[in-house]
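Since we're looking at a predicted model, the values are computed, not measured. Within every chain, numbering begins at 1; the chains are lettered A, B, ... in the order of the sequence lines, protein sequences first and strands thereafter. Excluded from the calculations below are hydrogen atoms, water molecules and symmetry mates; all remaining heavy atoms, backbone and side chain alike, are included.
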Number of protein chains: 2
Amino acid sequence: MQKQEHLTKNQQIVLDFIEKSSEPLKAYSILFSVKKQGIKAPLQVYRALDRLVEIGKIHKIESRNAFVACKNSNCQVSKATAFSICESCEDVTEVSNLKLSKYLSNFADKSGMKYNKYNLEFFGLCKKCKK
Amino acid sequence: MQKQEHLTKNQQIVLDFIEKSSEPLKAYSILFSVKKQGIKAPLQVYRALDRLVEIGKIHKIESRNAFVACKNSNCQVSKATAFSICESCEDVTEVSNLKLSKYLSNFADKSGMKYNKYNLEFFGLCKKCKK
DNA sequence: AATTATTTGTTATATTATAACATTATGTAA
DNA sequence: TTACATAATGTTATAATATAACAAATAATT
């Protein structure tokens with residue numbers, strides 16, 4: 001039996017909800033919100049999240065334990081992610097900068113390690129909060 | 001009263017323990033290990049960790065919820081951190097590459113956001129695990 | 001010594017995430 | 001088309017990570 005390619009019902013419910021949100025969502029807040037749609041337990045949410053991250057539909061903001069939809073429509077896998085996070089309003093934006101991603105994807109140092117993935121989080125104050 | 005400049009007893013105990021370790025440590029594993037030194041509750045550990053991160057003595061590996069000592073002896077604050085993480089053996093190394101840190105510290109995009117901090121985590125296979 | 005802010009200790013609890021296992025669904029091949 | 005294997009799901013329980021709230025002790029400043 002092959003691994004699914006389409007999204008299962010739970011995955012679709014969770015993805016829809018995250019895509020509608022303008023801010024990163026926490027697993028338990030997702031759980032609370034999708035209960036009316038039949039998802040009852042944390043594990044159902046976490047399993048959906050895991051899979052969605054795996055296929056690049058969503059990303060995890062590690063410093064916040066929260067999830068956002070991938071804005072990069074052609075993103076198939078989450079192997080090169082960068083975000084900017086406002087420390088005041090907690091607004092999170094996916095940084096899409098070709099130069100940056102090229103630079104990081106090709107980064108190599110003397111450690112001899114082969115990097116195949118990275119996650120970068122910038123922190124600061126957004127335009128609004130700077131004022 | 002001024003904010004402390006030296007380390008308090010708990011902070012020193014926690015720092016000593018992290019510095020002796022060759023791998024990232026989790027808060028509760030630290031707690032377990034320093035109980036004999038009088039630290040009894042999670043909060044005592046978390047408070048020490050918070051402060052140590054604040055002053056740059058240790059860093060948090062966000063994707064692992066674990067802490068490592070800063071290898072960069074002159075690091076005063078944790079505002080520009082980069083790590084390489086082996087996904088097989090979980091070995092974590094602080095990346096110190098002047099070009100990289102300059103590039104990221106000066107990074108700006110059209111979002112108008114002022115970045116004052118970043119954290120970067122590279123994932124891959126270390127030399128040993130590649131074989 | 002009195003005042004004040006800071007740090008500490010302690011208990012309880014909130015939040016985030018996974019283990020274990022039974023069940024159901026789905027693809028593969030006889 | 002039924003057997004078989006594998007994957008996905010549901011469910012309960014629990015593990016792991018982190019913070020709230022408040023009382024007590026400590027240390028700097030006046």
Specify the separation, in whole Å, of atom [atom1] of [X] and atom [atom2] of [N].
| X | N | atom1 | atom2 | answer |
| --- | --- | --- | --- | --- |
| B/Gln12 | C/dT7 | CD | P | 16 Å |
| B/Arg51 | C/dT6 | CZ | C1' | 11 Å |
| B/Gln11 | D/dA27 | CD | P | 13 Å |
| B/Asn10 | D/dA25 | CG | C1' | 13 Å |
| A/Asp50 | C/dA17 | CG | P | 10 Å |
| B/Ile13 | C/dG9 | CD1 | C1' | 13 Å |
| A/Gln37 | D/dG10 | CD | C1' | 17 Å |
| A/Leu25 | C/dA17 | CG | P | 13 Å |

Hey, could you give me each pair passing side chain to side chain donor-acceptor pair (under 3.5 Å) that has a residue in [range]? Not counting sequence neighbours.
| range | answer |
| --- | --- |
| residues 96-114 of chain B | B/Asp109-B/Ser111, B/Asp109-B/Tyr115 |
| residues 12-24 of chain B | B/Gln12-B/Asp16 |
| residues 60-69 of chain B | B/Ser63-B/Glu121, B/Arg64-B/Glu90 |

Pick out the pairs of N or O atoms, protein on one side and nucleotides 12-16 of chain C on the other, that lie under 3.5 Å.
from   : atom 1 : to      : atom 2 : distance (Å)
C/dT16 : OP1    : A/Lys26 : NZ     : 2.7

- request: Mind checking the CG-CG spacing from A/Leu120 to B/Asn119? Nearest 0.5 Å is all I need.
  value: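 Taking CG in A/Leu120 and CG in B/Asn119, the distance rounds to 8.0 Å.
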task: Indicate the ring-plane relationship of B/Tyr46 and B/Tyr28, choosing parallel, tilted or perpendicular according to the 30° and 60° boundaries.
output: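 The arrangement is perpendicular - the two ring planes meet at more than 60°.
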query: Parallel, tilted or perpendicular: which fits the ring planes of A/Phe107 and B/Phe122, with parallel below 30° and perpendicular above 60°?
result: parallel
- prompt: What closest approach, in Å, do A/Ile18 and A/Phe67 show between heavy atoms, and which atom pair accounts for it?
  reply: CG2-O, 4.0 Å
task: Please name the pair of heavy atoms, one in B/Cys86 and one in B/Leu125, separated by the smallest distance, quoted to 0.1 Å.
output: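 Closest pair (atom of B/Cys86, atom of B/Leu125, distance): SG-CA, 4.0 Å.
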message: Please confirm whether the shortest side-chain N or O distance from B/Gln44 to OP1 or OP2 of C/dT8 is below 4.0 Å.
response: no
message: Using C1' atoms of five pairs at each end, report the bend of the helix from C/dA1-D/dT30 to C/dA30-D/dT1 rounded to 10 degrees.
response: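 Nearest ten degrees gives 30° for this helix.
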- prompt: Which residues pass the salt bridge (charged side-chain N to carboxylate O under 4.0 Å, His left out) test with A/Lys35, sequence neighbours left out?
  reply: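 Expected list: none.
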query: Can you tell which of D/dT11, C/dT8, D/dT9 lies closest to the side chain of B/Thr8?
result: C/dT8
- prompt: Mapping A/Arg47 and B/Lys9 to their closest nucleotides on DNA chain C, which lands nearer the 5' end?
  reply: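 First, find each residue's nearest nucleotide; the 5'-ward one identifies B/Lys9.
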